[in-house]
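Read the structure below first, then the notes.
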Amino acid sequence: MKEFAYQRAFDVPGALALLDAGSDARFLGGGTNLVDLMKAGVERPARLVDVRGLPLNRVEPTADGGLRIGATVTNSDLAAHPEVRRRYPALAQAVLAGASGQLRNMATVGGNLLQRTRCGYFTDVTRPCNKRVPGSGCPAVEGEHRNHAILGASGHCVAVHPSDMAVALTAFDAVVSYETADGPGELPLTEFYMPVGDTPHRETSLPRGALITGVTLPPAPVAARSRYRKVRERASYAFAIGSVAAALDVEGGVVREARLALGAVASRPWRARAAERALTGARADGEAFAAAADAELTAANPLPRNAYKVALTRNLMVAVLTGLAEEAAR
């Protein structure tokens, strides 16, 4: 690991000043991803600015009935918060599915949003990777890609985003707040992650030097009846090979509103807009759920060894929606 300087920040202006003072500095939350990448030589910052001491560790209601989640809230505290469990249960489920208890105790909300892909070519500095070295190539296209993207990929990168939490936040229209030396800003999570295109090394729309300060969930009554379901290759802690965050509002057997986001299928959490449109006003039954899944997955472009993900994701969407509809009918 490259030698680096370490400093703690105790307020937002101080954190921004410390980052600006470093020629190659990075903010450090729980370090559950960044430190691993530093050990592998993927990340090589000259300075780490520890932001865990910032006063951003609370979950609070907003005036309009939503929730504001501070960037240094740990994943464990987020999943256990009673208002998160009551108003946005799929978010709590996603966080619990995302990592072991030890990792959840360390990982922060801000850091979770910024975690990098777990593609083996990205984490192996002896191999080319367009995320690490733009223009060097993407060996996963012809190589090992069983767990890689089926939606929104390009010939420049076919890796998937690893966050479970971000999938649920995407389904509920979360907004990311940040601070820079020039002042505050906001980004809807659907705009926070950039399409992979031909610049896979540019993963987010955050301005240079920005510090994430929190995430706001707008009021969403539909979210109170929501689920997150994850498929992985082993029952213990593992990254998803497919996941769905869904919420359903059903009245008289008809879908009034649906929220859907998919994980482990693209370089960013995938908001299933086509499926949502197909569901709105449809009967809440298996036929409609399958048709909605097909409407979303018609855009899928799998690679030779990950075509199984199309059927897996379709079945997962139908199963989660069916469960929610059955719950609504009781």
Report the C-alpha distance between Arg118 and Thr123 in whole Å, list the side-chain angles of each, state the deciding distance to 0.1 Å, and finish with yes or no for side chain to side chain contact (heavy atoms under 4.5 Å, CB included). CA-CA 7 Å; Arg118 264 51 178 199; Thr123 54; 5.9 Å; no
Under the criterion side-chain hydrogen bond (donor to acceptor under 3.5 Å, both in side chains), I'd like the reasoning laid out for Thr72 against Asn57: C-alpha separation, chi angles, the key distance, then a yes or no. CA-CA 5 Å; Thr72 64; Asn57 62 343; 5.0 Å; no
Ignoring hydrogens and geometry, is there a side-chain-to-backbone donor-acceptor pair from Arg232 to Ala97 under 3.5 Å? yes
Could you tell me which non-hydrogen atom of Leu54 sits nearest to which non-hydrogen atom of Ala9, and how far apart they are? CD2-O, 3.6 Å
Starting at CH2 of Trp270, measure out to CG of Leu297 and round the result to the nearest 0.5 Å. 10.0 Å
Quick one: does any side-chain atom of Arg87 pair with a main-chain N or O of Gly65 as donor and acceptor, under 3.5 Å? yes
Taking Lys309's backbone N and O only, do any of them form a donor-acceptor pair with Thr313's side chain (distance below 3.5 Å, no angle check)? yes
Do the side chains of Leu78 and Leu189 join up, straight or via other hydrophobic residues, at under 4.5 Å, putting them in one cluster? yes
How long is the straight-line distance from CG of Asn75 back to OG1 of Thr108, given to the nearest 0.5 Å? 7.0 Å
Just so I know, are the side chains of Leu114 and Leu206 near enough to count as touching, which here means a heavy-atom distance under 4.5 Å? yes
To the nearest 0.5 Å, what is the distance between CG on Leu321 and CG on Leu260? 5.0 Å
So does Arg8 have more than 12 non-hydrogen atoms from other groups sitting under 6.0 Å from CZ? no
When you measure from the side chain of Asn306 to the backbone N and O of Tyr308, does any donor-acceptor pair fall under 3.5 Å? no
Taken to the nearest 0.5 Å, the spacing of Leu34 CG from Lys39 NZ works out to 11.0 Å
More than 12 non-hydrogen atoms from neighbouring residues, nucleotides or ligands closer than 6.0 Å to CZ on Arg58, yes or no? no
Per side-chain contact (heavy atoms from CB on, under 4.5 Å), His148 is matched among Arg146, His145, Glu144 by His145
Could Arg116 and Glu203 be called an ion pair, given the rule that one side-chain N must be under 4.0 Å from one carboxylate O? yes
Any heavy-atom pair between the side chains of Val109 and Met165 that's under 4.5 Å? yes
Inspect the contact between Glu60 and Arg68 and indicate whether a charged nitrogen and a carboxylate oxygen are less than 4.0 angstrom apart. no
Just by modelled atom types, is the Val160 backbone N or O under 3.5 Å from a matching donor or acceptor in the Thr117 side chain? yes
Quick one: does any side-chain atom of Ser76 pair with a main-chain N or O of Arg104 as donor and acceptor, under 3.5 Å? yes
What I'd like to find out is whether the side chain of Pro269 reaches to under 4.5 Å of the side chain of Tyr193, using heavy atoms alone. yes
Does Arg271 pair with Asp173 as a salt bridge, N-O distance under 4.0 Å? yes
Exercise: identify the closest heavy-atom pair between Ala15 and Val51: CB-CG1, 4.2 Å
Pairs meeting criterion ring pair (Phe, Tyr, Trp, His ring centres under 6.0 Å) with involvement of residues 76-129, two or more places apart: Tyr88-Phe172
Using the rule that two of Ile, Leu, Val, Met, Phe, Trp, Tyr join whenever any of their side-chain heavy atoms come within less than 4.5 Å, decide whether Val318 and Leu248 are in one cluster. yes
Closer than 4.0 angstrom, basic N to acidic O: yes or no for Arg225 and Asp249? no
Is there a donor-acceptor pair closer than 3.5 Å between any side-chain N or O of Thr32 and the backbone N or O of Leu103? no
Any side-chain heavy-atom pair from Thr204 and Met194 closer than 4.5 angstrom? no
Quick check against the 3.5 Å criterion: does Lys131 have a side-chain atom that pairs as donor or acceptor with the backbone of Pro200? yes
Taking Glu296 first and then Arg314, would you say they form a salt bridge - that is, a charged N and a carboxylate O separated by under 4.0 Å? no
Residue pair Leu262, Met317: steps toward the side chain to side chain contact (heavy atoms under 4.5 Å, CB included) verdict: CA-CA 9 Å; Leu262 309 177; Met317 293 172 73; 3.9 Å; yes
If I take atom CG from residue Asp50 and atom CG from residue Leu18, how far apart are they, to the nearest 0.5 angstrom? 10.5 Å
Find out if a path of hydrophobic residues (ILVMFWY) with successive side-chain heavy-atom gaps under 4.5 Å connects Tyr6 to Met38. yes
Does any non-hydrogen side-chain atom of Leu28 lie less than 4.5 Å from one of Val49? no
Check whether Val59 and Leu217 end up in the same hydrophobic cluster, where Ile, Leu, Val, Met, Phe, Trp and Tyr are linked by side-chain heavy atoms less than 4.5 Å apart. yes
Specify the closest pair of heavy atoms between Pro219 and Asp64, including all atoms of both residues, with the distance to one decimal. CG-O, 3.3 Å
Under the criterion side chain to side chain contact (heavy atoms under 4.5 Å, CB included), I'd like the reasoning laid out for Glu179 against Leu16: C-alpha separation, chi angles, the key distance, then a yes or no. CA-CA 8 Å; Glu179 288 277 352; Leu16 292 171; 4.1 Å; yes
Go through Leu67 and Thr216 one step at a time and tell me if the side chain to side chain contact (heavy atoms under 4.5 Å, CB included) criterion holds. CA-CA 6 Å; Leu67 286 180; Thr216 300; over 6 Å; no
Under 3.5 Å, side chain of Ser136 to main-chain N/O of Arg132, donor-acceptor pair present? no
With a 4.0 Å cut-off, would you call Glu257 and Arg259 a salt bridge? yes
Show, in sequence, the C-alpha distance, side-chain angles and deciding distance for Gln7 and Arg47, and conclude whether the side-chain hydrogen bond (donor to acceptor under 3.5 Å, both in side chains) test is met. CA-CA 8 Å; Gln7 291 179 279; Arg47 174 187 305 202; 2.7 Å; yes
Please confirm whether the backbone N or O of Gly143 pairs with a side-chain atom of Arg305, one donor and one acceptor, at under 3.5 Å? yes
Answer yes or no on whether Arg44 is positioned over the face of Phe4, meaning its NZ or CZ is under 6.0 Å from the six-membered ring centre and within 45° of the axis. no
Could you give the distance from NE2 (His161) to OG (Ser267), rounded to the nearest 0.5 Å? 8.5 Å
Say whether Val310 and Phe289 are linked into one hydrophobic cluster, either directly or through other cluster members, by side-chain heavy-atom distances under 4.5 angstrom. yes
Less than 4.5 Å apart, side chain to side chain, heavy atoms only: is that true for Leu312 and Ile241? yes
Is any side-chain heavy atom of Asp164 closer than 4.5 Å to a side-chain heavy atom of Val95? no
Quick one about Gln102 and Asn105 (side-chain donor to acceptor, distance below 3.5 Å, no hydrogens or angles considered), yes or no? no
If we only count heavy atoms from C-beta on, is the Asn112 to Val215 side-chain gap below 4.5 Å? no
Between Tyr228 and Ser243, do the side chains contain an N or O donor and an N or O acceptor separated by less than 3.5 Å? yes
Less than 3.5 Å apart, any donor N or O on the side chain of Thr180 or Asp182 sitting next to an acceptor on the other? no
What residue among Val175, Ile212, Thr170, Leu169 forms side-chain contact (heavy atoms from CB on, under 4.5 Å) with Phe192? Ile212
